[in-house]
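Numbers restart at 1 for each chain; the letters A, B, ... are given by sequence-line order, proteins then strands.
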Protein chains: 2
Amino acid sequence: MIGTREKKKLATRTAILEAAMRLFTEKGYDNTSISDLARTAGIGKGTIYTYFAGKSEILLAFCEQQLAFVSRELRDKSDPDASLLRRLLDLFMGEFRFISKNPEFGRTMLREMVFPKEMTVERSREIDDKYIDLLVPMFRKAQKRGELRTDLELILVTGHFYALYIMTVSGWYMGRLKTEEDVAMGMEFLFQQALSGLAPARGGEMTEP
Amino acid sequence: MIGTREKKKLATRTAILEAAMRLFTEKGYDNTSISDLARTAGIGKGTIYTYFAGKSEILLAFCEQQLAFVSRELRDKSDPDASLLRRLLDLFMGEFRFISKNPEFGRTMLREMVFPKEMTVERSREIDDKYIDLLVPMFRKAQKRGELRTDLELILVTGHFYALYIMTVSGWYMGRLKTEEDVAMGMEFLFQQALSGLAPARGGEMTEP
DNA sequence: GAGAAAAGTCGACCGTGGTCGGTTTTTTTT
DNA sequence: AAAAAAAACCGACCACGGTCGACTTTTCTC
C-alpha cells in the first residue's frame with residue numbers, strides 16, 4: 001500500500017507535538033528534556049531529530065499555533081471597527097497574556113523569534129510573515145479611515161509596532177513593568193507616541209531653518 | 001598581611017575576563033566551554049561559579065565593556081551638535097558594527113539583554129540604566145533645540161528608540177536586512193517614522209469627532 | 001601563635017541537547 | 001517476488017553547563 005510512510009510520518013510528528021504540548025505546559029520548556037519528549041511520544045530519542053532540527057524548532061511549531069490562536073481570538077473578540085490603537089492593543093495584549101502565563105516558555109520563544117539562530121531563521125520568518133499578513137489589512141483599513149499616513153511602507157509600520165510590543169514585553173521580563181495593567185499602559189503609551197510622533201511639529205524638513 | 005584575599009579575588013576575576021575576551025573573540029561564545037575558560041585562566045572549573053552566576057553573566061560583563069566603548073566612541077567621533085537623528089544613528093550603528101563582527105556572540109548578548117533570565121535580570125538592568133543615562137542628556141539637548149517634544153517621559157523615548165534599534169538588528173538576524181547599509185537605512189527610516197509620527201495629523205484627540 | 005571559623009578552590013559527577021553508525025521498514029526497480 | 005535503494009528509527013555516545021561536598025587557604029579570636 002502506497003502512502004504508508006507518509007501516514008506514519010504525520011502520526012509521529014503529531015505525537016511529538018502532542019507530547020510537547022503536554023510536557024511543556026506541565027513542566028515548562030527547560031524542564032522537559034528531549035528524552036522525556038521521546039518517551040512520551042513513544043519513539044526513540046534520535047528520531048525526533050528527523051522531524052525537528054532541534055529543541056527550539058519544536059518551540060516554534062508552538063509559536064505558530066499560538067499565533068493562530070491569538071489571531072482567531074482577535075477575529076472573534078475584538079471589534080473590527082475599533083480604532084487602530086484599540087485593535088493593536090487587543091492583538092498584542094492577547095499575545096502577552098499567553099506569555100505571562102508561561103514566562104520561561106515565552107522567553108525562549110521570543111528569543112528564538114527575535115534573534116533566531118541560523119537553524120531556525122526560516123521558520124521564524126514564516127511566522128513573522130504571518131504577523132505581517134495579520135497586521136497589514138488592519139493598517140489598510142486605518143489608512144482608509146484617516147488614522148494612518150498613506151505614504152508609508154506598511155511592512156515598516158508593522159515592524160514599528162512589533163518593536164514597541166517587544167520592548168514592552170522586555171520591560172516586563174526586566175521587572176520594570178510588574179502587572180498586566182502596567183504592561184497594557186506602557187504599551188498604549190508607546191503606541192500613542194508612535195502615532196503622534198516624537199518631534200514637536202510636522203511638515204517641515206528636519207534640518208536647520 | 002590584610003587584603004591578600006581581596007587582591008587574589010580581583011586577580012582571578014580579571015584572569016577569567018581576560019580568558020573570556022580572548023577565547024570568545026577567537027572561537028566564538030558557543031565554541032568556548034567553561035572548562036576552556038578555566039584552563040586558560042589557570043583555575044578550576046568550579047571556581048568560575050564563585051565569580052559569575054553562569055556563562056551568560058560573563059557575557060554581560062562584556063556587554064558592559066562594549067557599551068563603555070561605544071559610548072566613548074560616540075563622545076570622540078560623533079559631532080555633539082549634530083541632529084538628534086544623526087546622533088542616534090551614530091550611537092546605534094556603532095553598537096551594530098560590533099554585533100555584526102561577532103554575530104553569535106552578539107545574538108546571545110542581545111537575547112540576554114532583552115529577555116533576561118531571573119539569574120541575570122539585575123545585571124541587565126544595570127546596563128540598561130547606563131543606556132538611559134547616555135541617551136537622556138541627548139534628548140534634553142534635542143528638546144532645547146526644538147527637535148523633540150517636551151511633554152514626554154524621556155525613559156519612554158529611550159525605550160522607543162531602543163525598540164526600533166532592536167527591531168532593526170532583528171531584521172538583520174532574520175536575513176531581511178543583508179548589508180550594513182541596509183541596516184543603516186532601515187534604522188533611519190524607522191527613526192524618522194518615530195519622529196514624524198505614523199498618524200496623518202497632529203493635535204486632535206485620537207477618538208471619534 | 002594555636003585553633004576555630006569563614007571564604008575560596010577544585011574536579012568528579014549529573015542530566016542535558018545533539019550526533020552517529022548500524023539496523024529495520026518502506027519504496028522502487030528489475 | 002526478489003533484490004536494491006532510500007528513508008526512518010534507534011540508543012549508546014559525546015561535550016557541555018552547572019552542582020556538590022571534600023579540601024586548602026586566609027582571617028578572626030583568644
| Can you list the residues that meet the ring-ring contact (aromatic ring centres under 6.0 Å, His included) rule with B/Tyr131, with sequence neighbours excluded? | B/Tyr162
| request: For DNA chain D, find the residues of residues 11-26 of chain B with a heavy-atom distance under 4.0 Å and give them by number; none if there aren't any. | output: none
| field | Nucleotide D/dC9, atom P - distance to NZ of A/Lys9 in whole Å | value | 8 Å
| note | Reading nucleotides 11-24 of chain C from 5' to 3' and marking B where a protein heavy atom lies under 4.0 Å of the base, S where only the sugar-phosphate is that close, and - otherwise, the string is B----SBBB-----
| Applying a 3.5 Å limit to both distances, which nucleotide forms a Watson-Crick or G-U wobble pair with C/dT30? | D/dA1
| Contact list for residues 38-49 of chain A, test salt bridge (Lys or Arg N to Asp or Glu O under 4.0 Å), sequence neighbours left out | A/Asp36-A/Arg39
| request: Could you tell me which residues satisfy side chain to side chain contact (heavy atoms under 4.5 Å, CB included) with A/Ala184, sequence neighbours excluded, listed by chain and number? | output: A/Met93
| For A/Glu118, which residues count as a side chain to side chain donor-acceptor pair (under 3.5 Å) partner, sequence neighbours excluded? | B/Arg107
| query | So what does A/Phe52 touch, heavy atoms closer than 4.0 Å: a base, only the sugar-phosphate, or nothing? | reply | nothing
| query | Sequence neighbours excluded, which residues qualify as side chain to side chain contact (heavy atoms under 4.5 Å, CB included) partners of A/Phe62? | reply | A/Ala20, A/Met21, A/Phe24, A/Phe105
| request: Look at the side chain of B/Arg123 and the backbone N and O of B/Ala61, then say whether any donor-acceptor pair between them is shorter than 3.5 Å. | output: no
Using atom types as modelled, flag every donor-acceptor pair under 3.5 Å from a side chain in residues 72-80 of chain A to any protein atom, sequence neighbours excluded.
{"from": "A/Ser78", "atom 1": "OG", "to": "A/Arg87", "atom 2": "NH1", "distance (Å)": "3.1"}
{"from": "A/Ser78", "atom 1": "OG", "to": "A/Asp90", "atom 2": "OD2", "distance (Å)": "2.8"}
{"from": "A/Asp79", "atom 1": "OD1", "to": "A/Asp81", "atom 2": "N", "distance (Å)": "2.8"}

| task | Provide, to the nearest angstrom, the distance between the CD1 atom belonging to B/Ile48 and the P atom belonging to C/dG8. | result | 16 Å
| note | By ring-ring contact (aromatic ring centres under 6.0 Å, His included), A/Phe52 pairs with (sequence neighbours left out) none
